[in-house]
Amino acid sequence: MNPEQLVTKWVKEAVKNIYGEGATDNLFQTQATRKEFEGDITAVIFPLLKFSKKSPEITGDQIGSYITSNYKEIESYNVVKGFLNIKLTDEYWMDVFNTIASTQDYGQLPQSGKSVMVEFSSPNTNKPLHLGHIRNNLLGWSVSNLLKANGHKVIKVNLVNDRGIHICKSMLAWQRLSGKETPQNSGIKGDHLVGKYYVAFNDMLVKEVEELISQKVPREEAEKQAPILKAAQEMLVKWEKGDREVFELWEKMNSWVYEGFEKTYKRMGVSFDKIYYESQTYLLGKELVKEGVVKGVFSEKADGSVWCDLSADGLDEKLLLRADGTSVYMTQDLGTAHQRFSEYNLDEHIYVVGNEQNYHFQVLKLLLKKLGYEWSNNLYHLSYGMVELPEGRMKSREGTVVDADDLIENMVTTARETSLELGKLDDMPKEEKEQLFEMLGLGALKYFIIKVDPKKTMLFDPKESIDFSGNTGPFIQYTHARIRSILRKAEEQKLQAKITDSKINPREREIIKLLTNFPDKIREGGIDHSPAIIANYAYDLAKEFNQYYHEVSILKEEDINIKVQRLILIDTISAVLRKAMGILGIQLPERM
RNA sequence: GGCCUCGUAGUUCAGCUGAAUAGAAUGUCAGAUUCCGGUUCUGAAGGUCGGGGGUUUGAAUCCCCCCGAGGUCACCA
């Protein structure tokens with residue numbers, strides 16, 4: 001039971017005994033006491049006035065004196081306006097702290113028995129990953145870890161969009177312009193190479209369109225009639241028919257891309273339990289649609305296309321099968337959802353997908369519900385906002401897309417430059433230094449993106465890059481390194497970790513209070529799947545430690561009991577930091 | 001136009017299920033430290049929480065209207 005719950009229980013009992021009334025839970029509110037007042041936990045008295053029929057001050061005083069005389073954990077209380085501030089004893093806090101310090105893997109919640117699938121990343125194979133994918137990947141990865149910390153079994157999946165007209169565009173341009181350039185002979189990373197030809201295709205297309213327009217063809221017509229576009233469409237038809245030559249080229253170029261993606265994923269530190277390919281799943285869902293027609297949920301039009309009328313739900317009519325019987329995006333998603341739930345017996349399925357697809361997922365849930373699948377309630381769209389640049393949204397046409405690999409490289413370079421300038425790492429081996437810069441660069445990037453509420457559009461300014469001080473990943477990394485260094489020194493002095501005293505100073509109290517909150521933060525973050533809560537928590541803890549560090553000299557105290565006690569405290573802080581940052585996928589260095 | 005989301009210091013972001021004087025970081029300014037600083041420390045200024053109503057003992061938070069930004073309403077995925 002955490003302190004707030006404890007206080008709630010006491011106050012509830014006090015009200016019952018003093019005023020003879022029981023009341024509903026939501027009338028009992030507690031909060032952490034504000035710093036400017038004395039106390040640890042504050043009970044809000046206003047809602048209880050209807051029982052006491054007295055002023056807030058008198059009511060607070062009555063309740064305060066009752067619980068203080070009945071519970072030994074309370075040291076003192078005071079009443080300010082309608083707030084009853086309760087100060088708990090040092091013994092109580094030390095007791096709480098001892099429990100925390102001796103808990104293995106503190107913050108890990110017990111097994112829930114639930115399994116959750118998280119789908120994220122979901123790239124197209126015609127171009128490299130960009131900044132938007134980074135937000136997606138980091139969210140997917142950290143949410144997965146957060147759910148694990150909540151005790152769920154998590155299956156991370158990636159649905160790769162490896163087929164369609166966009167892939168054919170890259171293939172066609174490669175055929176026409178080169179026909180022999182490979183990642184090996186050009187030294188270009190596979191996904192970037194394919195992306196290069198995708199850009200080349202669009203250049204050729206623009207040229208052809210301009211030419212048609214100069215021949216007095218209307219723009220709209222020209223954009224549809226351009227020969228190179230026709231050729232790409234033909235290629236797609238060939239692919240669908242299983243044309244061997246096209247298929248082999250497709251396999252070859254996709255394999256380049258996968259190799260490239262793999263490198264990026266690895267550097268970012270993300271991985272998947274299973275990768276789905278659309279080329280293998282795009283036919284799924286047709287059966288479901290037919291089933292829906294039989295059930296009368298969907299309807300077939302005269303031309304043979306199948307629709308679902310959602311106007312009663314305030315939405316539009318939605319196409320599910322084309323007149324020629326081929327499927328669309330929605331059809332496929334119906335199929336894959338169904339397949340996954342039956343294959344894995346899932347309790348929940350989370351899609352990490354940008355908010356431009358809110359409508360799609362709203363419809364997806366609704367359709368499955370109409371088909372009678374109860375589990376449609378357990379589909380969750382983790383919708384995140386765009387990452388915008390100072391000049392606005394990223395646009396591939398205007399070349400303002402921030403490439404993921406470039407960005408990561410820049411971050412690491414910046415980390416290297418700023419660290420070397422400070423010149424504190426001179427005695428560190430070269431290899432270890434490089435590892436450190438990698439940690440710092442990625443830590444800065446990851447934290448910067450994760451700490452923002454997912455649903456909000458966020459701004460990223462590449463010119464200013466990212467700070468390494470203030471509310472940042474490196475600040476937390478630095479704090480951790482400092483703690484480890486203190487602990488190393490303590491080891492040299494052969495201090496044994498054992499608590500023998502129960503005296504704590506105010507700052508230590510604050511830290512223990514923060515530590516007490518950690519499981520709640522995990523739980524909170526698990527419910528709305530937001531790692532941002534964990535990120536901000538870790539920052540608060542690190543900051544609190546730094547202030548503590550400035551106030552007391554951890555190793556210089558004469559009294560060995562105090563020394564040792566502080567060591568255990570900061571050791572616990574570093575353990576919690578590791579757990580929190582582990583959830584976010586941010587590594588913490590031992591020294592820096 | 002319909003539907004969805006967002007609007008908090010100069011800037012980037014917190015603010016949980018309503019509660020005490022709305023918080024950080026960064027930037028600005030002023031001091032201190034030093035060979036000089038991009039280092040460190042201390043302090044200050046900076047907000048009618050987009051605007052207006054309502055509910056409430058109490059609203060940045062809940063409800064309604066308006067304004068502004070973005071997204072979406074494809075036989076693309």
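All heavy atoms count here, side chains included; hydrogens, waters and symmetry mates do not. Just so we're clear, the structure is a prediction, and the values are computed from it rather than from any experiment. Here is how names work: the chains are called A, B, and so on, in the same order as the sequence lines, proteins then strands, and each is numbered from 1.
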Roughly how many Å is it from [atom1] in [X] to [atom2] in [N], rounded to a whole number?
X	N	atom1	atom2	value
A:Ile58	B:U57	CD1	P	20 Å
A:Gln547	B:A25	CD	P	9 Å
A:Tyr447	B:A24	OH	P	15 Å
A:Leu284	B:A77	CG	P	15 Å
A:Lys81	B:G58	NZ	C1'	11 Å
A:Glu356	B:C73	CD	C1'	14 Å
A:Lys456	B:A60	NZ	C1'	11 Å
A:Met458	B:C6	CE	P	17 Å

Suppose you measure atom [atom1] in [N] against the same atom in [M]; what distance do you get, rounded to whole Å?
N	M	atom1	result
B:G1	B:C65	P	15 Å
B:A32	B:A19	P	42 Å
B:U17	B:G7	P	14 Å
B:U12	B:C6	C1'	16 Å
B:A24	B:U8	C1'	13 Å
B:A20	B:G15	P	16 Å
B:A9	B:U48	C1'	13 Å
B:A59	B:U21	P	11 Å

At 4.0 Å (heavy atoms only), tell me whether [X] reaches a base, stays on the sugar-phosphate, or touches nothing.
X	value
A:Asp313	nothing
A:Asp453	sugar-phosphate
A:Phe83	base
A:Glu524	base
A:Tyr282	nothing
A:Arg393	sugar-phosphate
A:Thr42	base
A:Asp162	nothing

For [N], give its Watson-Crick or G-U wobble partner with both distances under 3.5 Å, or none.
N	answer
B:G1	B:C73
B:U55	none
B:A32	B:U40

A:Thr125 vs A:Asp162, side-chain hydrogen bond (donor to acceptor under 3.5 Å, both in side chains): CA-CA, chis, key distance, verdict: CA-CA 5 Å; A:Thr125 59; A:Asp162 62 341; over 6 Å; no

Salt-bridge present (A:Asp313, A:Lys370; N to O < 4.0 Å): yes

Check ion pair A:Lys230-A:Glu234 (N to O, under 4.0 angstrom): no

Under 4.0 Å from OP1 or OP2 of [N]: is there any side-chain N or O of [X] that close?
X	N	result
A:Arg34	B:A19	no
A:Lys455	B:C6	yes
A:Arg523	B:C16	no

Aromatic ring pairing A:Phe361/A:Tyr351, orientation class (parallel under 30°, perpendicular over 60°, tilted between): tilted

A:Phe120 and A:Phe272 aromatic ring geometry - parallel, tilted or perpendicular at 30°/60° bounds: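 If you compare the ring of A:Phe272 with that of A:Phe120, the planes turn out tilted.
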
Of A:Thr30 and A:Thr457, the one whose closest RNA chain B nucleotide lies more 5': A:Thr457

Position toward the 5' end of RNA chain B (nearest nucleotide), A:Val452 or A:Gln357: A:Val452

Intermediate values then yes/no, side-chain hydrogen bond (donor to acceptor under 3.5 Å, both in side chains), A:Asn85 and A:Arg34: CA-CA 9 Å; A:Asn85 304 319; A:Arg34 290 201 155 218; over 6 Å; no

[N] pyrimidine/purine six-ring stacking with [X], under 5.5 Å and 30°:
X	N	value
A:Phe37	B:A20	yes
A:Phe46	B:G58	no
A:Tyr539	B:A24	no

Out of B:C13, B:A77, B:G71, whichever nucleotide has its closest atom nearest the side chain of A:Leu459: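 Selected nucleotide (nearest to the side chain): B:C13.
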
Nearest listed nucleotide, side chain of A:Tyr329, among B:A77, B:A19, B:C75: B:A77

Under 3.5 Å: donor-acceptor pair, side chain of A:His133, backbone of A:His130: yes

Test item: A:His381 side-chain N/O and A:Val353 main-chain N/O as donor-acceptor pair under 3.5 Å: yes

